[in-house]
Amino acid sequence: MLTKRIIPCLDIKDGRCVKGVQFENIRDAGDPVELAKWYAQKGADELVFLDITATNEGRKTFAELVRDIARHIDIPFTVGGGIGAVADVEVLLQNGADKVSINSSAIKNPQLVEELARHFGSQCVTVAIDTKYTEATGWKVYTRAGTIETEYSTIDWARKVVDLGAGEILLTSMNNDGTKAGFALDITKAVSEAVSVPVIASGGAGTMQHFADAFQVANADAALAASLFHFRELEIPDLKQYLKTQGVYVRI
Amino acid sequence: MNLVIVDYKAGNVQSVQFALERLGVQATLSADAETIKAADKVIFPGVGQAASAMAQLKARNLDKILPTLEQPFFGVCLGMQLLCQHSEEGDTDLLGIIPLPVKHFETDLKVPHMGWNQLENLQSPLFDGLQEQEYAYYVHSYYVPLSEYTIAQTSYPEPFSAALNYKNFYAAQFHPEKSGAAGSQILKNFLAL
């Protein structure tokens with residue numbers, strides 16, 4: 001039986017792991033390679049590293065870091081941040097990343113998704129979608145780290161990127177991110193039902209029950225969290241034991 | 001041991017090389033026919049699309065060389081599928097070493113089949129030291145059906161070939177290099193063949 005995946009996410013700036021709360025107030029949460037090894041040992045199913053460095057110099061550092069991570073861990077990992085072209089992806093995959101995640105660059109140039117799928121295969125193309133709900137607009141897609149509203153409804157955009165060749169959707173609810181009040185179950189379920197590829201729920205995890213809900217209520221294939229794991233408010237082995245008792249298939 | 005990883009620009013060669021490094025084994029990356037022929041063992045990784053991978057092999061004449069090899073050979077993921085006869089992916093003729101088809105998942109479940117799933121019915125020294133229902137990491141949209149060459153199976157939802165063995169050719173649909181301790185054990189077992 002295919003198991004549901006638990007994915008810690010590490011935001012990387014200048015070679016260090018940081019985490020924004022509601023995309024602001026960044027805090028330093030440690031050395032990425034050490035954290036990655038620790039998570040792999042604790043039973044994380046996969047890891048995500050998002051490079052939030054904006055400079056070219058930082059990009060090079062990140063590529064080196066990707067190589068260092070690949071050297072040390074024996075579970076799959078996805079990298080994202082600042083990817084705008086096929087050449088950017090080539091560097092990351094060559095350094096040992098399993099998948100890449102693209103966000104704003106897909107909004108800017110949807111054909112990039114198609115190009116990446118053609119060059120490297122859909123299985124390594126994750127499209128990250130930042131979504132926000134308002135009464136007036138419903139669930140809309142946001143770009144540039146959640147600062148700019150796009151024309152796309154979340155369901156339409158998810159369908160579009162999957163048609164273009166995305167192999168996975170990483171769906172982050174900006175309303176829920178950092179709140180620890182639970183994942184956005186309604187939009188996660190709607191996206192999961194709208195597309196044929198796996199969907200990662202992200203944003204809002206605070207308790208073990210929230211993860212069970214993401215899998216059992218929203219049909220997510222994976223669930224992602226950051227500070228909750230980094231600051232050890234929730235330990236992955238405990239989480240997986242709990243999920244097992246709730247009838248969720250997990251790798252233990 | 002002279003271990004060669006076939007590097008034909010369609011594989012996660014770096015990850016495989018690192019996994020071997022963690023086992024204390026240095027492998028050579030090469031697309032050169034003579035280097036590959038002279039190897040004690042050959043590992044053949046692959047990710048991406050079948051037709052473009054075949055084009056890369058043909059460009060290096062490896063489509064002629066690989067089927068002639070007689071040393072222990074290990075195809076991983078797309079590297080396993082390429083050993084077969086024909087793939088529904090891009091209606092592609094493959095290397096034709098193992099007389100089996102590669103099919104697309106037709107299921108209501110999510111495709112790609114992505115994540116950790118269980119290995120069952122283990123029937124090869126490749127799995128020495130592993131328990132039934134051990135977890136392995138998969139990412140793929142195409143699969144090889146069960147056959148007389150199947151040495152392990154996984155279900156999604158129907159059982160398919162998780163691993164194959166035909167003469168000196170071994171192959172895994174999952175990624176041993178990304179499958180934690182179980183994956184390392186499988187690589188170690190291959191090195192001991």
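Naming convention: chains lettered A, B, ... in sequence-line order (proteins, then strands); numbering from 1 in each chain. Small disclaimer: the values here were computed from a predicted structure and weren't measured.
You'll find the side chain of A/M1 stays beyond 4.5 Å of the side chain of B/Y156, heavy atoms only. Contact of the A/E46 side chain with the B/Y137 side chain is registered, since non-hydrogen atoms from C-beta on lie closer than 4.5 Å. With contacts defined as side-chain heavy-atom distances shorter than 4.5 Å, the pair B/K110/A/D221 qualifies.
Here the straight-line distance linking atom OG of B/S15 with atom CZ of A/F77 works out to 6.5 Å at 0.5 Å rounding. In this structure, B/S179 OG and A/I75 CD1 are separated by 10.5 Å, a value rounded to the nearest 0.5 Å. Going from atom OG of B/S52 over to atom CZ of A/R118 covers 10.0 Å, rounded to the nearest 0.5 Å.
For A/K99, the part sitting under 4.5 Å from any heavy atom of chain B is the side chain, from C-beta outward, and nothing else. Only the backbone of B/A181 has a heavy atom closer than 4.5 Å to any heavy atom of chain A. Residue B/E177 touches chain A through its backbone alone, counting heavy-atom pairs closer than 4.5 Å. No part of B/S141 comes within reach of chain A, as not one of its non-hydrogen atoms sits under 4.5 angstrom from that chain. Proximity to chain B involves both the backbone and the side chain of A/S192, based on heavy atoms less than 4.5 angstrom apart. Contact of A/Q94 with chain B is made through the backbone alone, with heavy-atom distances under 4.5 Å. Contact annotation for B/H113: only side-chain heavy atoms (C-beta onward) come within less than 4.5 Å of a heavy atom of chain A. Using a 4.5 Å cut-off between heavy atoms, A/I252 contacts chain B through its backbone alone, with no side-chain atom that close. Proximity to chain B (any heavy atom under 4.5 Å) is shown, for A/D45, by both the backbone and the side chain. Proximity to chain B (any heavy atom under 4.5 Å) is restricted, for A/N95, to the backbone atoms N, CA, C and O. Residue A/R5 touches chain B through its side chain alone, counting heavy-atom pairs closer than 4.5 Å. With a 4.5 Å cut-off on non-hydrogen atoms, A/A40 does not touch chain B at all.
Of all the listed residues (B/Q118, B/H175, B/M114, B/H140), the one sharing the greatest number of non-hydrogen pairs under 4.5 Å with chain A is B/M114. For the set B/V111, B/D108, B/T154, B/L78, the count of heavy-atom pairs under 4.5 angstrom toward chain A peaks at B/V111. Between chain A and the options B/E21, B/Q133, B/E120, B/Q49, heavy-atom pairs under 4.5 Å are most frequent for B/E21.
Residue A/Y249 qualifies as open at atom OH: its count of foreign heavy atoms under 6.0 Å is 12 or below. Within 6.0 Å of atom NE2 in A/H119, 12 or fewer heavy atoms from other residues, nucleotides or ligands are found, so the atom counts as exposed in its surroundings. The neighbour count for A/Q41 CD, taken as heavy atoms of other residues, nucleotides or ligands under 6.0 Å away, does not exceed 12.
In this structure, A/P76 and B/W116 approach most closely via the heavy-atom pair CD-CZ2, 4.0 Å. B/P112 approaches A/P198 most closely through the heavy-atom pair O-CG, 3.7 Å. Considering every non-hydrogen atom in both A/T3 and B/Y135, the closest pair reads CG2-CE2, 3.4 Å.
In this structure, A/D74 does not pair ionically with B/R22, as no charged nitrogen and carboxylate oxygen lie closer than 4.0 Å.
Checking A/R71 against B/Q14 by side-chain atom types alone, no donor-acceptor pair falls below 3.5 Å.
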